[in-house]
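I have placed the structure first, in the form of structure tokens, so that the comments after it can refer back to it.
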Amino acid sequence: MIPMEQYENSAAYLRDRLPFIPDTALVLGSGLGALAEEAEGAVRLPYASIPGFPRSTVASHAGVLTAGSLAGRRVLLFSGRFHYYEGYSAETVAYYVRVLKMLGVRTLILTNAAGGVNEGYRVGDLMLIADQMQFGADSPARGEERPLFGPRFFDMTRVYSPRLRELARRCAKENGIAVQEGVYFYMPGPQFETPAEIRAIRLLGGDAVGMSTVMEATAAAQCGLEVLGLSCITNLAAGMVPDAAISDEEVNIHAAEASERFGSLLKAVLAAL
Ligand code: HPA
């Protein structure tokens, strides 16, 4: 397990270096990192400069923490996150969530790129995460009990805040942005899924599939952060388009194409919080 001292060192450094500690943090997934460049009055800290912080090893993830204002609201923006497929433990993947808890942040907005599993979804759709599913993947809560990060056994019936989902639906409507709402199914990757796996995921009730988010949302549920999750459907999942192969290029291209719309929705949500 990660020593408590490491969490404390990260939190102490951030308390010292950040110009403010806002209520809200926003995690920018694949292809969405550019939103951080719009932050006003920004202070930027590379993850590598934060004591105890893991490094982001994925090319499309910058690995920078930005403190600034977006849509008139102070926010912490994480450009890049940590994935289990990079070789990190579930605890490391969720490390920053617990640091946010220590800092006093209360709301966590998680975004990601995902494959569409629901046959009604199209590339470019935005999906509010209503719930998540993962079977057999590691939990960030496994191990020694740490009361600071919440109880050993904890409720997962409302991981994705009904209040924030309602607020996001309203913001989407007011801005003429269509949103789907569905279940995010976690797969550990880094390989994309097989068509057989996607058929199984659909039978189980997954609407979108991806390789991130659930460990962070689980740690947030344990320590009592309010979570909003948003996926950008960057491709239809394996086997859904005859003869098509899935690639990270395709994921990044479609994430970039949707990024302006995604950014508008996120800014509307921030303004309405
Ligand atoms: N599968 C898993 N993760 C993903 C996908 C996908 O099809 N698209 C974007 N992230």
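Ligands are counted one by one from 1 in listed order, and the atoms in each one are counted from 1 as well. The analysis underlying the following values was restricted to heavy atoms, covering all of them including side chains, and did not include hydrogens, waters or symmetry mates.
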- Which bit of Glu193 is near ligand 1, meaning a heavy atom under 4.0 Å away: side chain, backbone, both or neither? side chain
- Message: Considering both backbone and side-chain atoms of Val251, is one of its nitrogen or oxygen atoms within less than 3.5 Å of a nitrogen or oxygen in ligand 1?
- Response: no
- Query: Counting heavy atoms not belonging to Glu174, are there more than 12 under 6.0 Å from its CD?
  - Reply: yes
- Item | Nearest-contact summary for atom 5 (C) of ligand 1 - protein heavy atom, Å | Gly115 N, 3.4 Å
- Have a look at ligand 1 and work out which part of Val209, if any, has a heavy atom under 4.0 Å from it: side chain, backbone, both or neither. both
- Message: Below 30° counts as parallel, above 60° as perpendicular, anything between as tilted: where do the rings of Tyr47 and Phe53 land?
- Response: tilted
- Query: Take atom OH in Tyr121; do more than 12 heavy atoms of anything else shown fall under 6.0 Å from it?
  - Reply: yes
- Message: Tell me whether the rings of Tyr95 and Tyr7 are parallel (<30°), tilted (30 to 60°) or perpendicular (>60°).
- Response: parallel
- Message: Side chain, backbone, both or neither: which applies to Ala114 and ligand 1 if a contact is any heavy-atom pair less than 4.0 Å apart?
- Response: backbone
- Query: Which residue owns the protein heavy atom closest to atom 3 (N) of ligand 1, what's the atom, and how far is it?
  - Reply: Gly210 CA, 3.4 Å
- Note on the structure: Per-atom filter on ligand 1: closer than 4.0 angstrom to a heavy atom of Thr234 are 8 (N), 9 (C)
- Message: Between Arg142 and Glu91, does any NZ, NE, NH1 or NH2 come within less than 4.0 Å of an OD or OE carboxylate oxygen?
- Response: no
- Query: Using 4.0 Å as the upper bound for N to carboxylate O, is an ion pair formed by Arg170 and Glu166?
  - Reply: no
- Can you tell which part of Asn235 has a heavy atom less than 4.0 Å from ligand 1: side chain, backbone, both or neither? side chain
- Message: For atom 10 (N) of ligand 1, what's the nearest protein heavy-atom neighbour? Residue, atom name and distance, please.
- Response: Ala113 O, 3.4 Å
- Answer yes or no: are there more than 12 heavy-atom neighbours, outside Arg106 itself, under 6.0 Å from its atom CZ? no
